[in-house]
Amino acid sequence: MSAQFQVIFATAVFLITYAVIVSEKIHRSVAALAGAALVVLFGIINPEEATEAIDFNTIGLLVGMMVIVGITRETGVFEYLAIKAARQAKGEPLRIVAALSLVTAVLSAFLDNVTTVLLIVPVTFAIASQLRISPIPFLIAEILASNIGGTATLIGDPPNIMIGSKTSLGFMDFVINLTPVIVVVYVLTIFALRLIYRRQLVARPDLQAAIMNLDERDEIKDPVLLKKCLFVLFLTIGGFVLHQYVHLESSVIALSGASLLLLLSREDPEHALHAVEWPVIFFFVGLFVVVGALEKVGVIEAIARFSLDVTGGQLVPAAMLILWLSAIASAFVDNIPFVATMIPLIQDMGRLGDLGNLNLLWWSLSLGACLGGNGTVIGASANVVVIGMAEKRGQPITFIGFFKVAFPLMIMSIVVSTVYLLVWHHFPGIPSMLGTLAVGLILAVLVGLLQRLEARRSRETASHN
């Protein structure tokens, strides 16, 4: 088989696989595995090379965290947090949106986004029903918050897991370099949502009072198991914080945490492994092999050379290209295969262009791919899951309805990220982190003041009426 035919065949398989994944006519796991089978069967990549192409660190990290989260969800702690947040908001719809969004964002930074929304959304429907208002503003806010929060850490979103696994970047690198800008993006997004939905999110005082009668403690199903889960979660997150310093892979930390929790909880392993989303795992496996074939035949290197020509081999233009391309692409296609393709591309750009430290490019890819998922209803897995849950409950969210609200907010987040990355390029690390956090804190204080003024005006208007 000639080298030219191998290039054409590998490229065709990749494009067809990608098109099938986007079309959703066939399950994406089946599409990825079929693509992987084709490149191996036709000798583009042999079985040993296919195995080497699979990133087992990413696979191990996903499996370990899925087991931990699967056991923890049985305790009811996530529902507890949602109801607690609603009561802390005193039953006021606008404040509940902010509170539930904050819970969603924080949980998404440490857990799988899909798991987070699966647990928070049913409680959201119950609260919206109690207040007799539409749940759609709550759901859109939670979708955006889940993708924003997931961007903040190494384990928050699959693209970050993949980037961390293929680079020397550790958990604290993501926290120091990405969390500050995510705080700013989150504050601006929630403030904008409050302005958009302030007229829809109004409920009678008696209905708000009913929220205060809910007791979050009723949601805790197994206090003993909860203590064990929290203990293991804290140990695991502590392990993530230290893993790059003690030279342990993040997958080792996650799988060790899962093993410890299985020992402490005496959970049936078969039942615990049902919590692992095996279609997702095999989707990653197939995808790694398909991209590995592209890399072997030299397609990735050719694209890298073209990208270097477009950007003149300069780091900052390359970072801006990656940020905006990732954001727009991830709004319309699954960000996981996109990132799987971009990682070797960036590595080749660094090697061919002698760009030195590539961290600016990695942060650009992470911010673009993760935040870009907020652009449309199909931009991220959490979006699709929430839309499906809403449809089943007779509250459909249309593509255009979501797009009109979410896409401008996504563009805003990328503009903020652009400014941040340009500042970060000149003042990397701690200076950039402290400066951006200060901006986020000031914005949060200003938003809080505006919210109190708005609440005071609403009470005065109600008293006059």
Side-chain angles (χ1 to χ4, degrees), residues 29 54-81 106-120 146 149-150 152-166 169-172 174-175 220-285 287-288 336 381-382 385:
S29 302
I54 298 170
D55 185 352
F56 287 102
N57 187 49
T58 295
I59 301 298
L61 177 53
L62 286 169
V63 170
M65 291 307 296
M66 285 175 180
V67 170
I68 293 172
V69 172
I71 297 174
T72 305
R73 71 189 298 180
E74 296 175 8
T75 66
V77 65
F78 302 111
E79 293 84 351
Y80 168 92
L81 290 172
V106 172
L107 289 177
S108 295
F110 297 100
L111 309 174
D112 175 60
N113 288 11
V114 172
T115 300
T116 301
V117 296
L118 281 172
L119 297 166
I120 299 297
S146 71
T153 68
L154 166 69
I155 59 175
D157 218 6
N160 285 3
I161 294 172
M162 296 162 71
I163 292 168
S165 181
K166 288 293 188 180
L169 299 169
F171 186 87
M172 290 309 296
F174 280 83
V175 170
I220 300 297
K221 302 177 182 68
D222 191 336
V224 175
L225 179 60
L226 175 59
K227 292 177 182 177
K228 294 175 181 178
C229 290
L230 291 178
F231 172 70
V232 171
L233 271 173
F234 284 129
L235 275 183
T236 304
I237 292 170
F240 286 135
V241 171
L242 298 173
H243 81 98
Q244 65 194 108
Y245 307 113
V246 295
H247 307 295
L248 284 175
E249 293 284 4
S250 52
S251 58
V252 174
I253 302 296
L255 290 170
S256 299
S259 302
L260 177 59
L261 186 54
L262 284 168
L263 283 171
L264 293 177
S265 66
R266 304 294 180 91
E267 187 84 11
D268 179 5
E270 184 176 350
H271 178 69
L273 290 173
H274 279 307
V276 177
E277 296 177 46
W278 292 110
V280 173
I281 300 302
F282 283 101
F283 171 61
F284 273 97
V285 169
L287 200 58
F288 286 138
I336 294 172
S381 299
V385 168

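Computation of the quantities below employed the complete heavy-atom set of this structure, encompassing side-chain atoms and omitting hydrogens, waters and symmetry-equivalent molecules.
- Distance check: F110 CZ to L233 CG gives 10.0 Å after rounding to the nearest 0.5 Å.
- D268 places a side-chain N or O within 3.5 Å of a backbone atom of E270 that can act as its donor or acceptor partner.
- Here the side chains of I59 and S251 are not in contact, with every heavy-atom distance at 4.5 Å or above.
- Here the OG1-CZ distance, from T236 to F231, works out to 9.5 Å after rounding to the nearest 0.5 Å.
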Decide yes or no on side-chain contact (heavy atoms from CB on, under 4.5 Å) for L154 and L169, but give the supporting numbers first.
CA-CA 9 Å; L154 166 69; L169 299 169; over 6 Å; no

Report the C-alpha separation of L262 and I71 in whole Å, then their side-chain angles, then the decisive distance to 0.1 Å, and conclude whether the side-chain contact (heavy atoms from CB on, under 4.5 Å) test is met.
CA-CA 9 Å; L262 284 168; I71 297 174; 3.9 Å; yes

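- Heavy-atom contacts from other residues, nucleotides or ligands closer than 6.0 Å to NZ of K221 number more than 12.
- Atom OG of residue S265 and atom CG of residue L226 lie 12.5 Å apart, to the nearest 0.5 angstrom.
- With contacts defined as side-chain heavy-atom distances shorter than 4.5 Å, the pair I120/L107 qualifies.
- Shown here for G156 and N113, the closest heavy-atom pair between the two residues is O-OD1, 3.0 Å.
- When all heavy atoms are compared, the tightest approach of E249 to H243 is C-ND1, 4.3 Å.
- Atoms CG and CG, from L261 and L225 in turn, are 7.0 Å apart once rounded to the nearest 0.5 Å.
- Contact check for V67 versus V276: side-chain heavy atoms found under the 4.5 Å cut-off.
- Side-chain atoms of T153 and N160, non-hydrogen and from C-beta on, never get closer than 4.5 Å to each other.
- Interatomic distance, K228 NZ to E267 CD, rounded to the nearest 0.5 Å: 10.5 Å.
- Here the closest heavy-atom approach between residue S146 and residue A382 is recorded as OG-CB, 3.7 Å.
- Nearest heavy-atom pair, F283 versus S29, reported as atom, atom and distance to 0.1 Å: CB-OG, 3.6 Å.
- How far OG1 of T72 is from CG of L230: 7.5 Å, rounded to the nearest 0.5 Å.
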Mind running side-chain contact (heavy atoms from CB on, under 4.5 Å) on F174 and I163 for me, showing each step along the way?
CA-CA 10 Å; F174 280 83; I163 292 168; 4.1 Å; yes

Criterion side-chain contact (heavy atoms from CB on, under 4.5 Å) on F240 and L61, from CA distance to verdict:
CA-CA 11 Å; F240 286 135; L61 177 53; 3.5 Å; yes

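- The main-chain N or O of I161 is never found under 3.5 Å from a side-chain atom of S165 such that the two would form a donor-acceptor pair.
- For the pair M162 and D55, the minimum side-chain heavy-atom distance is 4.5 Å or more.
- Under the 4.5 Å side-chain criterion, counting only non-hydrogen atoms from C-beta, V69 is not in contact with T116.
- Taking 4.5 Å as the limit, some side-chain heavy atom of T58 sits within range of a side-chain heavy atom of F288.
- When all heavy atoms of C229 and T75 are compared, the closest pair comes out as SG-CG2, 4.2 Å.
- Nearest heavy atoms, W278 versus V63: CZ3-CG2, 4.5 Å.
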